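Single-structure report; data block below.
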Amino acid sequence: MAAFRNFKSVSNILYSRGSFGQLPEMVSKLRGLGRGAVYILDHFFRGRNLVQRAGVTPEDCCFYLDTTHEPKTGIVDEYVRQIKERGVPGVVVGIGGGATMDVAKAVAIMLANPGKTHQYQGWDLVVNKPVYKIGVPTLSGTGAEVSRTTVLIGPEKKQGINSDFSLFDQIVLDPDLLATVPSEQRFYTAMDCYIHGVEALCGTFLNEFSRAYAEKALELCRRVFLHDADDALLMVASFLGGYSIVYSEVGLCHALSYGLSYAFGAPHGQANCLTFKHLHEYYPAYVPEFQEIAGRAGISLEGKLVQGVSESVMEKMIDITLLMEKPLCNTFGPDWRKIMTREKIREMYLRM
Ligand code: NAD
Ligand code: ZN
């Protein structure tokens, strides 16, 4: 009999302007029995009053994650080592963009599982239930707040810890937290959501759940970027875009953009945008709209990243793309290997 996928979701969702005010009470209920809390905050928030509002106490472990570059498995191992010196906490709270969401999820997983973080990069390798985790996104688009993955750069590859255990137990969606996001960053991260929606809708894994989530995510992106609607809608779009891929998968754009992030350190949202503009052949109904959105947002997507790249780096980028089996299968079907040959991938990278 076919093995149907049994989808797991985030258990609790709090959404409203000002809902961040409920976080301290939520956390204090989970401290219990002498167990403290771990807060992982994006470094942008160091010294800002959000830290007091989050309910951090002197007994808690509080880390400010440097998100200048995408997170590596090593930082998760280091946080876990420091946390374990003080005992296992009752809750891990992540406050920030996708990078911080991912590190918080991975820390909660690694506090309950042996070995090193990179050993869990892949599909369904986590064995033990993680520490309770709360996600508070401050930047909208990646859908990391609802996804079943935590994307990290390991010693060998950029790949997610894809597992039901990667889902948050609780998320707090407060659109007020988006107020300080710089405009370019807002665009790139929001377009990650747009591309999630497109890849779900155009993929072979599409079902009515993923279609419903993806269509609404795209509609909300359009309202924000083409009709100047409130950014609060981006927070909902990110959530729905994230679910559209939980119920299906990302696709070709992500498979290629992972190679760009690995080789050039290009941040996820930006790497996706630099890739997506070249994918008219695969997404003809969406690339022109994406370019219109970029134009209205005042973002230039000119310029080339992949120029004069060494043969060994190119080979590594191709290897990384080929590791993205599920996204490529989603885009092209089970015979994807016949279409996405090493030569074809190389040719596509050379356009970028
Ligand atoms: P990010 O978390 O890397 O943050 C980007 C920048 O925005 C940082 O400089 C940060 O300091 C700043 N920032 C965040 N919130 C802010 C705020 N409220 N005000 C001012 N500045 C703020 O960006 P992102 O695009 O949200 O996340 C990208 C990461 O997410 C990548 O590491 C990518 O691999 C990962 N990702 C994960 C998933 C998933 O499902 N787990 C999906 C897509 C991407
Ligand atoms: Zn993405």
Side-chain angles (χ1 to χ4, degrees), residues 10 20 40-46 48 50 64-73 75-76 94-106 109 121 133 135-154 157-163 166-168 171 173-200 214 217 231 234-235 237-239 241-246 249-262 265-273 275-276 320 324 327:
V10 166
F20 187 73
I40 298 168
L41 297 106
D42 185 289
H43 64 163
F44 172 81
F45 296 107
R46 191 191 284 275
R48 294 182 190 255
L50 185 114
Y64 292 96
L65 179 69
D66 183 345
T67 51
T68 313
H69 302 290
E70 296 203 333
K72 296 200 164 79
T73 52
I75 191 72
V76 175
I95 305 177
T100 312
M101 296 293 100
D102 282 341
V103 169
K105 291 191 211 184
I109 289 171
Q121 286 181 290
K133 44 187 152 26
V136 186
T138 64
L139 177 57
S140 289
T142 65
E145 64 277 22
V146 291
S147 71
R148 80 184 288 280
T149 188
T150 146
V151 186
L152 298 164
I153 298 184
K157 57 192 176 185
K158 174 177 173 176
Q159 198 176 42
I161 300 175
N162 298 276
S163 145
S166 300
L167 284 147
F168 280 114
I171 55 173
L173 306 178
D174 181 346
D176 283 349
L177 302 179
L178 303 177
T180 48
V181 177
S183 60
E184 273 204 13
Q185 187 66 56
R186 167 182 176 268
F187 168 81
Y188 285 124
T189 304
M191 288 305 102
D192 190 21
C193 167
Y194 180 87
I195 294 167
H196 292 160
V198 171
E199 295 194 306
D231 266 18
L234 277 183
M235 205 158 241
S238 175
F239 176 97
Y243 264 143
S244 74
I245 52 171
V246 167
E249 251 302 339
V250 289
L252 176 63
C253 182
H254 277 71
L256 293 166
S257 95
Y258 270 37
L260 294 185
S261 292
Y262 189 91
H268 182 70
Q270 203 173 343
N272 273 345
C273 288
T275 307
F276 195 70
I320 288 175
M324 303 285 279

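We count ligands from 1, going down the list as the structure has it; atoms in each ligand are counted the same way. Along the sequence shown, residues carry numbers from 1. This one's a predicted model, so the numbers in the text were calculated from it and none came from an experiment.
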Mind reading off the angle at the Zn ion (ligand 2) between the NE2 atom of H254 and the NE2 atom of H196, rounded to 10°?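 The angle at the Zn ion (ligand 2) comes to 90°, rounded to the nearest 10°.
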Rounded to 10°, how many degrees is the angle NE2/H268-the Zn ion (ligand 2)-OD1/D192?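 Vertex the Zn ion (ligand 2), arms to NE2 of H268 and OD1 of D192: 90°.
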Suppose the criterion is salt bridge (Lys or Arg N to Asp or Glu O under 4.0 Å): which pairs have a residue in residues 250-259, not counting sequence neighbours?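 Sorted pair list comes back empty.
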Using the test side chain to side chain donor-acceptor pair (under 3.5 Å), find all partners of D192 that sit at least two apart in sequence or belong to another chain.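 For D192 the side chain to side chain donor-acceptor pair (under 3.5 Å) partners, ignoring immediate neighbours, are H196, H254, H268, N272.
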List in chain and number order the residues that pass side chain to side chain donor-acceptor pair (under 3.5 Å) with T149, two or more places apart in sequence or in another chain; answer none if no residue qualifies.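 Partners of T149 by the side chain to side chain donor-acceptor pair (under 3.5 Å) criterion, ordered by chain and then number, come out as N162.
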Return the [atom1] to [atom2] distance between [X] and [Y], rounded to the nearest 0.5 Å.
X    : Y    : atom1 : atom2 : result
Y243 : E145 : OH    : CD    : 10.0 Å
L152 : T73  : CG    : OG1   : 6.5 Å
R186 : L178 : CZ    : CG    : 9.5 Å

Can you list every protein residue that has a heavy atom under 4.0 Å from any atom of ligand 1, sorted by chain and residue number?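 Around ligand 1, where the cutoff is 4.0 Å for heavy atoms, the contacting residues are D42, H43, F44, F45, T67, E70, P71, G97, G98, A99, D102, T138, L139, T142, A144, S147, T149, V151, K158, L177, T180, V181, P182, Q185, T189, D192, H268.
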Quick check with a 6.0 Å cut-off and a 45 degree axis cone: is R46 positioned over the face of F44's six-membered ring?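 No - R46 does not lie over the ring of F44 by the 6.0 Å and 45° rule.
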